[in-house]
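To start, the structure itself, in structure tokens.
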Amino acid sequence: MRLSKLFGKTQREIPAEAETTSHQLLLRAGMIAQVAAGVYSYLPLAWRVLKKIENIIREEMDAAGGQELMMPVLQPLELWQETGRDQAFGKGLFKLCDRRDRNLCLGPTHEEVITKLVSQYVQSYRDLPLRLYQIQTKFRDEPRPRAGLLRVREFTMKDLYSFDTDEEGLSRSYNRMLEAYQNIYARCGLPTLLVEADSGAIGGKDSHEFMLVTETGEDEVIYCPECRYSANAEKAQSIKGEAHDKKPLPLEEVKTPGAATIEEVSGFLKIAPEDTLKAVFYAADNELIFVVIRGDLEVNEIKLKNALKCYQLRLATEAEVSGAGIVAGAASPVGLSNIKVVADDSVTLGANFVAGANKPETHLKNVNYPRDFTAAIVTDIAKAHAGESCPRCGGKLLSAHGIEVGHIFKLGTFLSQKLGAYFTDPDGVSRPIIMGCYGIGLGRLLAAAIEQNHDDKGIIWPAPIAPYQLHLCPLFFDNPEVAAATEKLYNELTEAGWEVLLDDRIESPGVKFNDADLLGIPVRITISPRTLEKDSVELKRRTEKKAEVVTLADLEVRLKELMAGESLKTAVD
RNA sequence: CGGGGUGUAGCGCAGUCGGCUAGCGCGCAGCGUUCGGGACGCUGAGGUCGGAGGUUCAAGUCCUCUCACCCCGACCA
């Protein structure tokens, strides 16, 4: 490809709208153009990268027993109502009406369609297992699209769905996909971290995310360097400290004038925060929920939402709290009857806590679970933090930021039951198909690759997904000798199967070198009167500062060595 | 949805108290001189000042409404 003909131009200045590095570089390199918030056009360079990523994914899916198919973006809303997931997606679902006022939506994902489809074709255990996938545009009306391609409303996603007869089968599919995903990232030259993830209110048991670790990722990962435990902060657990071994003492009321927060109460009574109970109020699908957690901990709202199995969760308003007869600042689970109480399991790990008395400026001492109060749900709903102890081995937990570039789930039978996807087992018994689903966002992976691989000059593409392999950079292209040698070399390299971007512009060396750095193609070949005197060219890897001089005769051999090194390097990481 | 911000040429920006033909840099076109890490000179093209309404002799500038985009938060299988 000739740079002079390539659609899309590099820009020297950083577009004002972009703050994230990958967003800035994608715009400056002329790879994407914004059409609306979270909606982009992909120019030829970006499209080539996407196609490379897509091909790697396709090969790995096929190798893992996947069969590719295609399903529609346009889907009847009814289908989503059947599973109730129109509620789960809420406003995230793009809805529209056809000319006959039928309700449709733009598919945010395709579990419903594929489950229905599979239900039509699968009757027997002999038809299973099945692994079907598609690479398709999906739509989600994100509350806040941001950071260029990292969070968009229209995006290309590979989704594979597995269908098995039993849990072992599901585990086989799941593990095979996990392996395939690791192959994909390795082949793309993008080292990822495998973390345990939240599967949401409707998801099944296991779920893992693949995180590309970057400084600016919007997800937080909690991990243990000792035993390699790692989990999304949404899901991460930690050891909540030793139970204070005290015998329950009788309840006692104390005046706590002017003390409302945990800090004030524990300061006033000269006790540690972990000897208090904190009360937090939420509205779960508009029902008031009283949440109790040990004073030193914080509520993880994702865990709480999962425990409650609700669609919407928000902090309750002051009016809702006082309307229920609760005294803010001295709220108490003791003696409550008409409000649902959810307790973090930390309340069972101690004794003689200080809690509110539900009277102004009054607290209770020696509150004990379950003697003095009970909860409808007692489970882990606390946030884990770096610095706390690992739930597996007790080591010190650390945290890192990452970008979620893949997510796999064991779904179970929720969807197959709702949509009637059953099979007959060898005993003639009808059973729901056990499902899993496995997704990768292609555009996000592209952007994440840049977040992870760049310098102050521009992008540094991992070789396997670079838009071109070679950047042929003639200096003084208006010099007839240079032009002739360049054209000859360009033809030879192209015919030999190399993907070459030729900077055929008559520009100063500085401009050409800077654009080459910005575009980030792995190997730059400089050709000029100076190199031609020695029948040679200059090779420079994007990752290196220095160039090497290679004779034209040795060029192909040397290029092969270099590229082998590039892919080797990225596969090992 | 709450808070903050920005809309002036393809991109980045300036535009005073409301006042004459709306500027600057980059980029773009032409010519010339240069050129191994974003060169220089000359010439030139390019604008519904986000949109609508209003105030005024006069609006990029003031007022009202509205739209879009960005950032923080809420939200986000």
Side-chain angles (χ1 to χ4, degrees), chain A residues 8-20 23-24 27-28 30 33-39 80 83-93 108-112 138 140-148 150-153 157 159 197-207 209 218-219 232 234-235 283 301-302 305-306 309 311-315 317 404 407-412 414-415 435-439 456-458 473-479 482 505-518 524 526-532 537-538 540 545 547 549:
Chain A
K9 250 179 224 162
T10 59
Q11 286 176 2
R12 197 174 300 198
E13 279 168 306
I14 301 168
E17 66 189 24
E19 261 184 24
T20 316
H23 191 192
Q24 291 178 351
L27 288 168
R28 286 223 293 135
Q34 188 175 50
V35 176
V39 180
W80 288 80
T83 59
R85 292 213 308 166
D86 60 323
Q87 295 290 319
F89 267 99
K91 288 188 172 171
L93 202 57
T109 176
H110 287 74
E111 280 87 15
E112 273 69 5
K138 313 215 176 189
R140 294 181 192 178
D141 197 357
E142 292 288 341
R144 190 151 88 82
R146 75 190 114 178
L150 286 175
R151 192 160 211 90
V152 291
R153 297 192 294 170
M157 188 164 164
D159 238 339
D198 172 57
S199 55
I202 299 168
K205 303 123 227 153
D206 287 346
S207 173
E209 285 169 340
E218 57 178 16
D219 283 300
N232 191 312
E234 293 177 348
K235 150 113 184 179
E301 295 186 4
I302 307 267
K305 193 175 170 186
N306 290 340
K309 295 184 170 56
Y311 290 125
Q312 287 195 322
L313 184 73
R314 59 174 170 83
L315 279 171
T317 62
E404 178 192 345
H407 201 161
I408 60 178
F409 298 80
K410 284 187 179 175
L411 287 176
F414 171 81
L415 289 163
M435 294 175 56
C437 74
Y438 317 83
D456 57 340
K457 287 290 195 178
C473 191
L475 305 182
F476 313 101
F477 195 59
D478 47 351
N479 172 323
V482 172
R505 300 172 305 170
I506 296 165
E507 285 285 357
S508 69
V511 169
K512 291 194 164 198
F513 289 152
N514 277 298
D515 274 346
D517 288 344
L518 175 58
R524 189 182 79 195
T526 308
I527 182 165
S528 72
R530 191 197 286 181
T531 69
L532 284 175
V537 295
E538 226 175 65
K540 184 184 155 309
K545 275 260 177 289
V549 176

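The sequence lines fix the lettering, A, B, ..., with proteins before strands; numbering per chain opens at 1. The model shown is predicted, which means the values in this text are computed figures rather than measured ones.
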Could you give the CG-to-P distance, from A:L93 to B:A77, as a whole number of Å?
-> 12 Å
Counting only N and O atoms by type, is there a donor-acceptor contact under 3.5 Å from the side chain of A:S207 to the main-chain atoms of A:I408?
-> yes
Do side-chain atoms of A:R153 reach the backbone of A:D141 as a donor and acceptor pair under 3.5 angstrom?
-> no
Nearest-nucleotide comparison on RNA chain B, the residue closer to the 5′ end among A:P15 and A:P529 | A:P15
Shortest side-chain distance from A:N514, nucleotide among B:G38, B:A77, B:G12 = B:G38
Looking only at side-chain atoms of A:T109, point me to the closest of B:A39, B:A77, B:G37.
-> B:A77
Choose from B:C76, B:C70, B:G36 the nucleotide whose nearest atom is closest to any side-chain atom of A:R530.
-> B:G36
Indicate, yes or no, whether a donor-acceptor pair under 3.5 Å links the base of B:G36 to the side chain of A:E538.
-> yes
Whole angstrom is fine here: how far is it from CG in A:D478 over to P in B:G36?
-> 12 Å
In chain order, what residues pass the salt bridge (charged side-chain N to carboxylate O under 4.0 Å, His left out) check against A:R505, with sequence neighbours excluded?
-> A:D503, A:D515
Check the distance between B:G38's P and A:R505's CZ and give it to me in whole angstrom.
-> 15 Å
Gap in Å between the two C1' atoms, one belonging to B:A68 and one to B:U8, rounded = 15 Å
May I ask you to say what A:K457 touches in the nucleic acid, namely base, sugar-phosphate or nothing, with a heavy-atom cut-off under 4.0 Å?
-> base
Out of B:G36, B:C35, B:C76, minimum distance to the side chain of A:L475 belongs to B:G36
P atoms of B:U16 and B:C63, separation to the nearest Å = 14 Å
Is there a Watson-Crick or G-U wobble partner for B:G36 with both distances under 3.5 Å, and if so, which one is it?
-> none
Round to the nearest Å and state the distance from A:E218 atom CD to B:C71 atom C1'.
-> 14 Å
Using purine N1 to pyrimidine N3 plus N6-O4 or O6-N4 for Watson-Crick, or N1-O2 and O6-N3 for G-U wobble, each under 3.5 Å, what pairs with B:G27?
-> none
Just by distance, do the side chain of A:E507 and the backbone of A:K512 share a donor-acceptor pair under 3.5 Å?
-> no
Value in whole Å for how far the C1' atom of B:C13 lies from CD1 of A:I14 = 14 Å
For nucleotides B:G50 and B:G30, find the distance between their C1' atoms and express it as a whole number of Å.
-> 34 Å
Does the side chain of A:R144 get closer than 4.0 angstrom to OP1 or OP2 of B:C72 through an N or O atom?
-> yes
Using only heavy-atom distances, decide whether a donor-acceptor pair under 3.5 angstrom links the side-chain of A:R524 to the base of B:G37.
-> yes
Which comes earlier along RNA chain B counting from the 5' end, the contact point of A:M157 or that of A:V35, where each point is its nearest nucleotide?
-> A:V35
Under the side chain to side chain contact (heavy atoms under 4.5 Å, CB included) rule, what do A:R85 and A:L415 come out as? Steps first, then yes or no, please.
-> CA-CA 10 Å; A:R85 292 213 308 166; A:L415 289 163; 4.2 Å; yes
Which part of the nucleic acid, if any, lies within reach of A:T531 when heavy atoms closer than 4.0 Å are counted: base, sugar-phosphate only, or nothing?
-> base
Could you please spell out the steps behind the side chain to side chain contact (heavy atoms under 4.5 Å, CB included) verdict for A:L475 and A:V482?
-> CA-CA 8 Å; A:L475 305 182; A:V482 172; over 6 Å; no
Phosphate-side-chain proximity, A:Q34 and B:C70, N/O vs OP1/OP2 below 4.0 Å | yes
Is there a donor-acceptor pair under 3.5 Å between the side chain of A:R151 and the backbone N or O of A:R144?
-> no
Is A:R12 near enough to B:C11 that one of its side-chain N or O atoms lies under 4.0 angstrom from OP1 or OP2?
-> no
Side chain to side chain contact (heavy atoms under 4.5 Å, CB included) evaluation trace for A:T531 with A:T526 = CA-CA 8 Å; A:T531 69; A:T526 308; 5.5 Å; no
With sugar-phosphate meaning primed atoms plus P, OP1 and OP2, does A:L27 contact a base, only sugar-phosphate, or nothing at under 4.0 Å between heavy atoms?
-> nothing
Assign A:A147 to base, sugar-phosphate, or nothing according to its heavy-atom contacts below 4.0 angstrom with the strands shown.
-> sugar-phosphate
Please state whether the base of B:C70 and the side chain of A:R146 form at least one donor-acceptor pair under 3.5 Å?
-> no
Donor-acceptor pair (no angle test) under 3.5 Å: A:E13 side chain, B:G25 base = yes
Taking atom P in both B:U33 and B:G38, compute the distance separating them and give it to the nearest angstrom.
-> 22 Å
Quick one: does A:S207 reach the base of B:A77 with a side-chain donor-acceptor pair under 3.5 Å?
-> no
Could you tell me the separation between the CD atom of A:E142 and the C1' atom of B:A74, rounded to a whole number of Å?
-> 14 Å
In the structure shown, which nucleotide is the Watson-Crick or G-U wobble counterpart of B:U16, with both distances under 3.5 Å?
-> none
Which part of the nucleic acid does A:R140 contact within heavy-atom distance under 4.0 Å: base, sugar-phosphate only, or nothing?
-> nothing
Does B:U64 have a Watson-Crick or wobble mate here (both distances under 3.5 Å), and if so which one?
-> B:A52
Consider the side chain of A:C437, meaning its heavy atoms from C-beta on, and name the nucleotide among B:A77, B:A74, B:C11 that approaches it most closely.
-> B:A77
Nucleotide nearest A:E111 (side chain, heavy atoms from C-beta), chosen from B:C69, B:A77, B:C13 = B:A77
What integer distance in Å separates A:I527:CD1 from B:C35:P?
-> 20 Å
What interatomic distance, in whole Å, is found between C1' of B:C62 and the corresponding atom of B:U56?
-> 10 Å
Out of B:C11, B:G73, B:G37, whichever nucleotide has its closest atom nearest the side chain of A:K540 | B:G37
What about A:S528, does its side chain sit under 3.5 Å from the base of B:G36 through a donor-acceptor pair?
-> yes
Spacing of the P atoms in B:G5 and B:A9 (rounded, Å) = 22 Å
Re B:C76: Watson-Crick or G-U wobble partner, both distances kept under 3.5 Å, found to be none
Find the distance A:F513:CZ to B:A39:P and express it as a whole number of Å.
-> 12 Å
Under 4.0 Å between any heavy atoms, over every strand shown, what does A:E19 touch: base, sugar-phosphate, or nothing? Just pick one.
-> sugar-phosphate
When the P atoms of B:U55 and B:A14 are considered, how many whole Å apart are they?
-> 31 Å
A:R140 (side chain) donor-acceptor with A:P108 (main chain) under 3.5 angstrom = yes
Rounding to the closest angstrom, what is the interatomic distance between B:G23 and B:G46 at atom C1'?
-> 14 Å
Phosphate-side-chain proximity, A:S508 and B:A39, N/O vs OP1/OP2 below 4.0 Å | yes
